[in-house]
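Reminder, nothing fancy here: chain letters follow the sequence lines and each chain counts from 1. These numbers come from a predicted model, not from an experiment.
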Amino acid sequence: MNLHSQTTSSSSNSLFALVDVNNFYVSCERVFQPKLEDVPMVVLSNNDGCAVARSAEVKALGVKMGTPWFQMKDLAKKHGILAQSSNYTLYGDMSSRVVQVLRTFTPNLEAYSIDESFLQIETVLKQYQDTIELGQKIKQQVKDTTGLPVCVGIGASKTLAKLANHLAKKHKQFAGVCDVNAMAKEELYQWMSETEVGEVWGVGKQIAKKLKAQNIQSVFDLLQASPQAMRQQFGVVMERLCYELRGTSCLQLEEVAPAKQQIIASRSFGKPVTSQAELAQSVATHVARAAEKLRAQNSTTGALTVFIQTNPFKQNEPQHHQSVTIPLADPTDNTLTLTNAALAGLKQIYQASFRYKKAGVILNLIGDKPTAQQSLFDDIETKGKSAHLMKAVDEINTRFGNAAIRSAASGTNSTKQEWQMRSNNRSPNYTTRWDELPVAR
DNA sequence: TCTGGGGTCCTAGGACCC
DNA sequence: TCTGGGGTCCTAGGACCC
């Protein structure tokens with residue numbers, strides 16, 4: 001159907017910059033409390049559970065991301081490490097300010113995460129002597145406008161830009177800006193052989209372990225591995241990654257964020273919870289937050305999952321991790337409707353004997369009809385029997401996938417049917433096939 | 001005593017269809 | 001003993017990211 005969906009686009013002359021704020025949460029706190037500059041510090045997760053950001057001084061002490069605060073208290077005392085509770089509203093606001101500054105350089109920007117953006121810079125370059133000058137300018141501009149320190153990595157693919165950014169952060173001689181594209185091959189290979197394979201974007205703990213077992217230790221080793229062989233062992237994502245490392249860009253800039261497929265709202269409890277009433281209260285809160293996010297992206301949801309779980313770290317206590325998915329007759333964004341569904345679900349899975357440590361809800365948006373999708377459906381209806389139909393269906397396919405086509409082709413009940421089908425664990429019997437489309441021929 | 005909260009994509013395998 | 005072939009769609013789970 002869509003021949004292009006599996007292929008990857010490549011262009012030999014793309015150039016990406018990755019701009020990443022250093023120790024983002026810590027840096028945000030320091031902007032508003034300058035006295036914290038140079039103070040070794042961490043920012044803590046909810047309930048002040050564990051460190052989600054560490055200042056350079058703390059990283060130097062070997063404290064890992066996600067270390068529980070109680071485990072590092074001794075170290076903290078010894079080195080005067082300061083802990084801050086997190087303030088996500090503040091970080092979100094600072095994040096958009098940074099993006100705003102970056103947009104003044106180019107509109108071809110992907111806000112990849114709260115503290116990172118990819119920029120496509122081939123066309124911007126003309127105005128600068130070289131990439132390093134551009135990088136320095138970006139760095140200076142962000143610092144002057146927001147007070148936040150950033151590093152800039154540049155490369156021919158997103159993966160290489162990531163790697164460059166890593167080098168810029170880690171090695172002082174780059175002064176915060178590193179372009180692996182402009183480097184002599186020998187120098188790049190030198191850096192690559194000094195960098196552990198686990199640093200590559202997309203190579204996590206598990207894969208790094210397996211790679212090392214076959215003596216692929218460094219980024220350079222991976223560069224030399226055959227992409228086909230890597231695909232055989234680890235799948236298509238890994239193959240793509242190999243090409244990216246070789247400078248063939250396979251991952252495009254995603255300037256407009258695709259609509260979410262899933263919205264999660266969950267929290268750990270400070271203390272274990274045993275009563276259903278207490279769980280119900282937190283579940284209701286989570287539903288309200290999730291529904292807000294849902295409306296913010298102009299969607300409705302066709303199903304809702306509630307889950308509760310015990311403390312997985314308490315291995316000597318009885319464990320319980322239960323969830324239930326509730327299909328909704330009509331897709332909705334109504335908080336009250338969703339709350340009722342969630343509480344009914346909670347009732348089903350709750351067991352009084354357990355000490356619960358976490359509760360949450362997941363809105364599953366597959367089967368919903370966001371605004372953009374709806375307009376395409378309208379297109380089919382109005383253009384009816386013409387070639388436009390196939391074109392519109394094709395466009396829906398590329399943009400929204402098969403689920404959307406089924407919805408489009410089989411009418412307004414499709415969502416309901418789809419969820420009934422899911423919950424009964426049956427395959428659909430209403431799937432409309434290409435050759436059955438009512439008006440195509 | 002105390003251990004975050006989001007997300008995505010891919011694959012394997014089963015059910016089902018013709 | 002033999003036991004189609006080609007395909008879709010779903011779920012669960014694994015791996016990854018920040």
Query raised in the report: Base, sugar-phosphate, or nothing: which does Lys358(A) touch, judged by heavy atoms less than 4.0 Å apart?
Result: sugar-phosphate

Report task. Using a 4.0 Å heavy-atom cut-off across all strands, classify Gln262(A) as base, sugar-phosphate, or nothing. Result -> base

Report summary line: Here the gap from Gln100(A) atom CD to Thr145(A) atom OG1, rounded to the nearest 0.5 Å, amounts to 9.5 Å

Report summary line: Looking only at dA15(C), dG4(B), dC10(B), the nucleotide nearest the Gln206(A) side chain is dA15(C)

**Report entry** Side-chain N or O of Lys314(A) closer than 4.0 Å to phosphate OP1/OP2 of dC2(B)
**Finding:** yes

Query raised in the report: Has Arg240(A) got a side-chain N or O lying under 4.0 Å from the OP1 or OP2 atom of dC9(B)?
Result: no

Query raised in the report: Parallel, tilted or perpendicular for Tyr350(A) and Tyr356(A), by the 30°/60° rule?
Result: tilted

**Report entry** For atom CZ of Phe307(A) and atom C1' of dG7(B), their distance in whole Å
**Finding:** 13 Å

Query raised in the report: Please give, in whole Å, the distance from dT1(B) C1' to Asn316(A) CG?
Result: 13 Å

Query raised in the report: Does a side chain donor of either Ser55(A) or Asn23(A) reach within less than 3.5 Å of an acceptor in the other side chain?
Result: no

**Report entry** Donor-acceptor side-chain pairing of Arg295(A) and Thr335(A) below 3.5 angstrom
**Finding:** yes

Requested in this report: Check the side chains of Gln322(A) and Gln351(A) for a donor-acceptor pair under 3.5 angstrom, ignoring hydrogens and angles.
Outcome: no

Requested in this report: Nearest whole angstrom, please: distance from the C1' of dC17(C) to the CG of Asn165(A).
Outcome: 15 Å

Query raised in the report: Would you call Glu254(A) and Tyr112(A) a side-chain contact if the rule is heavy atoms closer than 4.5 Å?
Result: no

Requested in this report: Taking atom CD of Gln233(A) as the centre, report whether more than 12 heavy atoms of other residues, nucleotides or ligands fall under 6.0 Å from it.
Outcome: yes

Query raised in the report: Across the strands shown, which category fits Lys205(A) at heavy-atom distances under 4.0 angstrom: base, sugar-phosphate, nothing?
Result: sugar-phosphate

Report task. Just call it for Asp115(A): base, sugar-phosphate, or nothing, with non-hydrogen atoms closer than 4.0 Å on any strand. Result -> sugar-phosphate

Query - Separation between the C1' atoms of dG4(C) and dC16(B), rounded to whole Å - result: 16 Å

Requested in this report: Please list residues of residues 98-114 of chain A whose heavy atoms come under 4.0 Å from any atom in DNA chain C, ordered by number; otherwise none.
Outcome: Tyr112(A), Ser113(A)

Query - Residue met sooner reading DNA chain B from 5', once Ser266(A) and Pro68(A) are mapped to nucleotides - result: Pro68(A)

Query raised in the report: If you count the non-hydrogen atoms of other residues, nucleotides and ligands that lie under 6.0 Å from CD in Gln319(A), is the total more than 12?
Result: yes

Report summary line: Pairs under 3.5 Å (Watson-Crick or G-U), crossing ones as [ ], inter-strand ones as |: DNA chain B comes out as ....||||||||||||||

Query raised in the report: Taking only side-chain nitrogens and oxygens of Arg289(A), does any of them come within less than 4.0 Å of OP1 or OP2 of dG5(B)?
Result: no

**Report entry** Under 4.0 angstrom between Lys162(A) side-chain N/O and dC18(C) OP1 or OP2
**Finding:** yes

Requested in this report: Provide, to the nearest angstrom, the distance between the CG atom belonging to Leu251(A) and the C1' atom belonging to dT8(B).
Outcome: 13 Å

Report task. Name the orientation class of the two ring planes belonging to Tyr88(A) and Tyr91(A) (parallel below 30°, tilted from 30 to 60°, perpendicular beyond 60°). Result -> perpendicular

Requested in this report: Using only side-chain N and O atoms of Ser268(A), determine if any of them is under 4.0 Å from OP1 or OP2 of dG5(B).
Outcome: yes

Requested in this report: Quick one: label Trp201(A) by what it contacts on the DNA or RNA (base, sugar-phosphate, nothing), any heavy atom closer than 4.0 Å.
Outcome: sugar-phosphate

Requested in this report: Please work out if Ile263(A) contacts a base, only the sugar-phosphate, or nothing of the nucleic acid, heavy-atom cut-off 4.0 Å.
Outcome: sugar-phosphate

Report task. From the options Val236(A), Val200(A), Ile207(A), select the one residue that forms a side chain to side chain contact (heavy atoms under 4.5 Å, CB included) with Leu241(A). Result -> Val200(A)

Query raised in the report: Roughly, in whole Å, what's the span from CD in Glu239(A) to C1' in dC9(B)?
Result: 15 Å

**Report entry** Sugar-phosphate, base or nothing in reach of Val200(A), heavy atoms under 4.0 Å
**Finding:** sugar-phosphate

Query raised in the report: To the nearest Å, how far apart are His286(A) NE2 and dG5(B) C1'?
Result: 11 Å

Query raised in the report: What's the OH-C1' distance between Tyr91(A) and dG5(B), to the nearest Å?
Result: 14 Å

Report task. Give a yes or no on whether a salt bridge exists between Lys78(A) and Asp74(A), defined as a side-chain N under 4.0 angstrom from a carboxylate O. Result -> no

Report task. Specify the separation, in whole Å, of atom NZ of Lys293(A) and atom C1' of dG7(B). Result -> 10 Å

